[in-house]
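Report on one structure; see the data block that follows.
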Amino acid sequence: MKSNTLTRDAASPVILPPEKTLLDMLYYMKLTRELEFRIERKLYRQGKIVGGVYVGRGQEAIAVGSCVDLRRDDVVCPSHRDMGAYLIRGMSLRTILAQYMARKTGATRGKDGNMHMGDLSKGLIAFVSMLGDNVPVATGIALSFKTRGQDRVTLCFFGDGATSRGDWHEGINMASVFKVPVVFICNNNQYAYSTPLERQMAVENIADRAEAYGLPGEIVDGNDILAVWDAATRAIQRARAGGGPTLIECKTFRMTGHSAHDDAGYVPPELFEFWEERDPISRFERFLMDRGFIDKSGIDELQRRINHEIDEAIQIAEKDPFPEPEDCLKDVYY
Amino acid sequence: MKSNTLTRDAASPVILPPEKTLLDMLYYMKLTRELEFRIERKLYRQGKIVGGVYVGRGQEAIAVGSCVDLRRDDVVCPSHRDMGAYLIRGMSLRTILAQYMARKTGATRGKDGNMHMGDLSKGLIAFVSMLGDNVPVATGIALSFKTRGQDRVTLCFFGDGATSRGDWHEGINMASVFKVPVVFICNNNQYAYSTPLERQMAVENIADRAEAYGLPGEIVDGNDILAVWDAATRAIQRARAGGGPTLIECKTFRMTGHSAHDDAGYVPPELFEFWEERDPISRFERFLMDRGFIDKSGIDELQRRINHEIDEAIQIAEKDPFPEPEDCLKDVYY
Amino acid sequence: MPLTTYVEAIRQGIWEEMEKDERVFVLGEDVGIYGGAFKVTAGMLERFGEWRVIDTPISESGIVGTAIGAALMGMRPVAEMQFADFISCAFDQITNFAAKCRYRWGAGVPIVVRGPSGGGVHGGPFHSQNPEMYFVHTPGLKVVCPATAYDAKGLIKAAIRDPDPVIYFEHKFLYRRVKEELPSDDFVVPIGKAAIRRNGTDITVITYGAMIYIALEAAKELEKEGIDLHVLDLRSLLPFDNEAVLESVKKTNKVILLHEDTQIGGFAGELAAVISEQAFEYLDGPIRRITAPNTPVPYSPPLEEFFLPKVSDVVRVARELYAY
Amino acid sequence: MPLTTYVEAIRQGIWEEMEKDERVFVLGEDVGIYGGAFKVTAGMLERFGEWRVIDTPISESGIVGTAIGAALMGMRPVAEMQFADFISCAFDQITNFAAKCRYRWGAGVPIVVRGPSGGGVHGGPFHSQNPEMYFVHTPGLKVVCPATAYDAKGLIKAAIRDPDPVIYFEHKFLYRRVKEELPSDDFVVPIGKAAIRRNGTDITVITYGAMIYIALEAAKELEKEGIDLHVLDLRSLLPFDNEAVLESVKKTNKVILLHEDTQIGGFAGELAAVISEQAFEYLDGPIRRITAPNTPVPYSPPLEEFFLPKVSDVVRVARELYAY
Ligand SMILES: Cc1ncc(C[n+]2csc(CCOP(=O)(O)OP(=O)(O)O)c2C)c(N)n1
Ligand SMILES: Cc1ncc(C[n+]2csc(CCOP(=O)(O)OP(=O)(O)O)c2C)c(N)n1
Ligand SMILES: [Mg+2]
Ligand SMILES: [Mg+2]
């Protein structure tokens, strides 16, 4: 490791989360996987999705592991591969599916598409396409917690590629100077679209950048939900206690193309094979079975439940109305 | 030191530059000092300067020490406290003074003011006010050297405050990824206008940021011209040899207000006293006298020569014409 | 009662809102201990403390992004750009994040981004810009350009209370040159309402910012020759007072559009389109523009004087139009 | 001869300039191995190598700044914005560094910044923008918006050869929908010259980009009722062909200004000002604008369809104007 930043490699968790949390983790990861599968491989191909589709297959542990223990009044700033965050924060399947199908009942009432969803009542901030823009915004959210003496935290998500943006730099630096309660979570899936990490930066780890800002940087196996949970839990506690921001790098891999129309021909196939073996969901299922938290039939049952929930939501969302044309003019201002 | 970046503290130079260079260094530092003195304390107060004035008093060793050995075809991107760079690159006193007095004979023919001077034939790039914008530009200059197989280098100057800008981040990162021949030189004078370093960043040194980009960071005493020269020389050689960029942090202090109308009341007076004792010019004069390169009368003689050159240039520049009003419309396009 | 300068009016406006509403805070470069490069925030650090008067790193985009985040959480941030020119560095956060939140997902972003704009002080290309049109062209934002101390105070208060992002351009040439007696009560100037600065019958001059003084001076000169100017100060550009524009044109039937900003893509174009579409039949002469030319703002006094619209320009064009 | 698509025309134009002039190189996100998100640079990496086809980090401002530096050293960089919307992140470098170098210190910055703009593909607020006016309002830049494959090729070549910074907006809706036979010789389309797309006598429609097809379709419909549209394609917005605009207005005496960009501060305003000042006496009716409304670009098909100017809008307004 090239740096002496304090907590660099996450310890394996000493304390496991309670059983309910463990099962929630499994549920939300599997729900994410299935939902995105339906969106990308079914609905998109059936022409029912409007616009582009970006999924986080293989990266489900990151959003789920870091968000599962948040409080209601915490705030999450997801990015485009963090479906789990929306689900955990309580955005309904129907709202999400309607969003992807550009319906009036979607999270943005048809105004914006796919993952660009937000809901202040659920502590969910809708990101903009401009990568990294959510970093100073998350800093501002956390600043408002600090100046009002609230012990809330905010989680801010982005990919490896976004860390090259100027806004990322400005936002992280300000968070560290102001020492505000924000946890920055990078999904380092080693590609930005077709561009591999070494063409984006001359350092090995995103966490190597933390030192430049005087905040702790930590590297975790992003495909190990317990490792993510552990690192996030400690960073969240630190933030809540006034200890300032943390940067957590989750090593992972994008198990798809950049978007539904990209076949990822530029990715060496071995990489997919290597990471397929480290799939966060099957790994976690094995762990839970080994420890006796669930058995094979329980997993099948869970999958059936998820399928059913999604089936139902799709049926409803498909019947949901499109917005009225004139809605175009609404809500530019208060 | 918080980091393990390779060459962190500049060694005292093993080889001294040749005598001519030593005397050039003294000349240009003293010329800078006197010229800025005249501009800030005489001409400005006489109402002859148009617009604002920013000087680099106490920081003369940085531009002079790093630029003195450049080749004709190298390129310099100065910032607002690097008068020495303009002088060494051969911009005439009259051109500079005419610039400050907004005359047609100034470096920008009255189009822009004060330090915003450029001359491609002298390898001088005019900076824009937006701090940090010259960093990606310097990267592009160096990129063009690399892609054409030229062994030229570019030097890029900025202050501690500018390193908080997004453009700084993007430019440094790209320089390191592309491994282009640029040397980034930060004058860390510990203030950005009224804002002390600890309000700008949560790290102690600007050089601490280098590691985040995978380039060497080096800290030198910016008030010791030989230390600056030594570090710059090594970094320039490295760059010319294809070794990529370097970040050099020159610790120094701004011995004035931010600009001519700022009394720097926010700076603890002890700081001025502390740094006055480390004045780069008197230190270097003592060194040269100790080593027998010059004596007191030689220094006095040099000062007289400088005064005379400036007197003459002022006389000419004061008689130089203002631009014609209609010149306003010229040169927007080719 | 004492006279209040334009710059002091802005300071008072922010101060009063901070006293009244603890969600209001200011952030920016050198706004704290230094009180701002132009002293708009002088004394606030001492009064409100370092978490309501926040000195930031040099990160315009970060400053605006931070303001957006705080605003989403219910705060009312007032972000300073040390010079309005540097708002270019925050362009993306303003136009893509702040401007579009409400439309996209119903989230209000009640931020104010303010800073000194305009020329006349030999600030050169990077300390004299009039960046208003970059933001006027961005639905979701509001843009105001006060010209008097009263409006400066009333509009900064309205901007702070506004539920949407407001870009507030204060003209640095007016900071200490313009003063007036201000009422002691808590007044606001509504965003989107123009003000008639001079009632006249012959020709309407529609303008804003420092240029209203050029128009008024020209009016004085023209009065001697019997040409009676009507001077409309827009005060807000987005939204602007469409009705007041049409009314004034319908009254005088001749119109001069005057602004300090460069010509191409300037606000005069928008006004010309509105007038030539909605008041076409009332026009008794061509719509005349008087603006800065299409160049950056030059530095040297003779160049800058050439660049800025002048009283003599208005007088000349008004005479031509009168004779038309 | 085979038909060349609009997107292929751009690719050919860049390719040919790279073959001919080794100072020309491209840089941007995913332009190398991937050949660009829309394949504008496909095959170039293989042909020209990694130092003339440079994959960059996600750093729009850095990309443009890098291009500026290389251009100052005599190179001819062509920088891609993956979507034109992201040019917001490079706004400062473009408007303050690139645009002002020549004016300030006589240094040319021959860069091209290009990217896909425009709606119609349900891209939503951040993949459908028409950011041209932010740059049209910046003296020192040139802005072009080709509508045909011929112009796409001719203008990208002109842009690359231009000694000043050129912002080149290609309309993504046209990429594969528009094709034509292209001459095999080395042609350029001069920046600043409009093209008459249809000669007509009753009403002039001045437009650019994808909207010329809307105008032409409307013309076909109106023909049936005996209304004869004259369609002028500006091609360049900065500089624009003032003369062609005036000529066409003087010929038809009635004018519709049509663009896909939102209304307030849009290019139609500039045109309205020019026409109502310089061709006032020729106008036989109000100047009518047909533009997108003042909102972000919405995502859902019914909303986006409402947003975009339609053939029926042109038909309706033309009828009204004809009857005026
Ligand atoms: C400022 C900006 N530039 C370019 C893009 C286009 N774009 C969308 S996603 C993407 C790659 C993002 O890579 P990374 O941040 O690593 O996230 P990942 O997709 O790998 O999760 C790019 C280039 C964008 N959205 N924003
Ligand atoms: C983007 C931007 N924001 C703000 C300013 C106003 N400004 C000019 S110099 C300065 C302080 C610069 O500090 P530093 O970079 O440390 O350089 P120093 O003046 O100390 O040499 C500021 C804030 C600017 N020029 N550009
Ligand atoms: Mg990635
Ligand atoms: Mg400094």
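So you know, we letter chains A, B, ... as the sequences are listed, proteins then strands, and number each from 1. Since we're looking at a predicted model, the values are computed, not measured. The figures here come from the full heavy-atom set of this structure, side chains too, leaving out hydrogens, waters and symmetry mates.
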Item to check | Point-to-point distance, once rounded to the nearest 0.5 Å, from OG of D:Ser61 to NE2 of B:His169 | outcome: 11.5 Å
Checklist entry - With no hydrogens and no angle check, is any side-chain donor or acceptor of B:Tyr333 less than 3.5 Å from a backbone partner on D:Arg102? => result no
Item to check | Candidate pair B:Asp167 and D:Phe97, rule side chain to side chain contact (heavy atoms under 4.5 Å, CB included), full reasoning | outcome: CA-CA 12 Å; B:Asp167 282 72; D:Phe97 215 120; over 6 Å; no
Next on the checklist: Would you say that more than 12 heavy atoms from the other residues, nucleotides or ligands in this model lie under 6.0 Å from the CD of B:Gln150, or not?
Outcome noted: yes
Next on the checklist: At a heavy-atom distance under 4.5 Å, which candidate from D:Ile68, D:Thr56, D:Val64, D:Asp92 has the highest pair count against chain B?
Outcome noted: D:Asp92
Next on the checklist: I'd like to know whether D:Lys100 forms a side chain to side chain contact (heavy atoms under 4.5 Å, CB included) with B:Val332, so could you lay out the CA-CA distance, the side-chain angles of the two residues, the decisive distance to 0.1 Å, and finally the verdict.
Outcome noted: CA-CA 8 Å; D:Lys100 296 181 176 50; B:Val332 178; over 6 Å; no
Checklist entry - Non-hydrogen atoms of chain B under 4.5 Å away: do they reach the side chain of D:Glu60, the backbone, both or neither? => result backbone
Item to check | Leading residue by heavy atom contact count with chain D [cutoff under 4.5 Å; candidates B:Cys77, B:Ala142, B:Pro136, B:Ala175] | outcome: B:Pro136
Checklist entry - Can you tell which of B:Thr139, B:Ile125, B:Asn173 has the highest number of heavy-atom pairs within less than 4.5 Å of chain D? => result B:Ile125
Checklist entry - To the nearest 0.5 Å, how far apart are OG1 in D:Thr95 and CE in B:Met130? => result 7.0 Å
Checklist entry - Of the backbone (N, CA, C, O) and the side chain (C-beta and beyond), which part of B:Cys328 lies under 4.5 Å from a heavy atom of chain D, both, or neither? => result both
Next on the checklist: Please classify the contact between B:Leu124 and chain D as side chain, backbone, both or neither, with a heavy-atom cut-off of under 4.5 Å.
Outcome noted: backbone
Checklist outcome for this item: Shortest non-hydrogen pair, D:Trp51 vs B:Phe178, comes out as CH2-O, 3.6 Å
Checklist entry - Please walk me through it: do D:Ile54 and B:Leu143 pass side chain to side chain contact (heavy atoms under 4.5 Å, CB included)? => result CA-CA 11 Å; D:Ile54 304 179; B:Leu143 179 73; 3.9 Å; yes
Checklist entry - Can you tell me how far the CZ atom of B:Arg148 sits from the CZ atom of D:Arg23, to the nearest 0.5 Å? => result 9.5 Å
Next on the checklist: As an exercise: rank D:Gly108, D:Gly140, D:Pro139 by heavy-atom pairs under 4.5 Å with chain B and give me the winner.
Outcome noted: D:Gly140
Checklist entry - Roughly how far apart are D:Trp105 CH2 and B:Asp119 CG, rounded to 0.5 Å? => result 8.0 Å
Item to check | Closest heavy-atom pair and its distance - D:Asp164, B:Tyr334 | outcome: OD2-N, 2.8 Å
Checklist entry - Would a distance-only check, ignoring hydrogens and angles, find a side-chain to backbone donor-acceptor pair under 3.5 Å from D:Arg104 to B:Arg109? => result no
Next on the checklist: Using 0.5 Å steps for rounding, measure from the CD1 atom of D:Ile58 to the CD atom of B:Glu170.
Outcome noted: 10.5 Å
Checklist entry - If you count heavy-atom pairs under 4.5 Å between each of B:Gly110, B:Gly166, B:Ser144 and chain D, which one has the most? => result B:Ser144
Checklist entry - For the residue pair B:Leu120 and D:Ala107, what are the closest heavy atoms and their distance? => result CD1-CB, 3.9 Å
Checklist outcome for this item: Rounding to 0.5 Å, atoms CE (D:Met73) and CG (B:Asp73) come to a distance of 10.0 Å
Checklist entry - Which pair of non-hydrogen atoms, one from D:Pro57 and one from B:Val177, has the smallest distance, and what is that distance? => result CG-CG2, 4.5 Å
Checklist entry - Relative to chain D, which of B:Ser129, B:Gly106, B:Gly171, B:Ala126 shows the most heavy atom pairs under 4.5 Å? => result B:Ala126
Item to check | Which atoms of D:Leu141 approach chain B - backbone, side chain, both or neither, heavy atom under 4.5 Å | outcome: backbone
Next on the checklist: Quick check on B:Val180 against chain D: is it the side chain, the backbone, both or neither that has a heavy atom closer than 4.5 Å?
Outcome noted: neither
Item to check | CD/D:Glu22: more than 12 non-hydrogen atoms of other groups inside 6.0 Å | outcome: no
Item to check | Toward chain D, the part of B:Lys146 with a non-hydrogen atom under 4.5 Å | outcome: side chain
Checklist entry - Does B:Asp133 offer a backbone N or O that forms a donor-acceptor pair with the side chain of D:Gln93 under 3.5 Å? => result yes
Checklist entry - What part of D:Pro163 lies closer than 4.5 angstrom to a heavy atom of chain B: side chain, backbone, both or neither? => result side chain
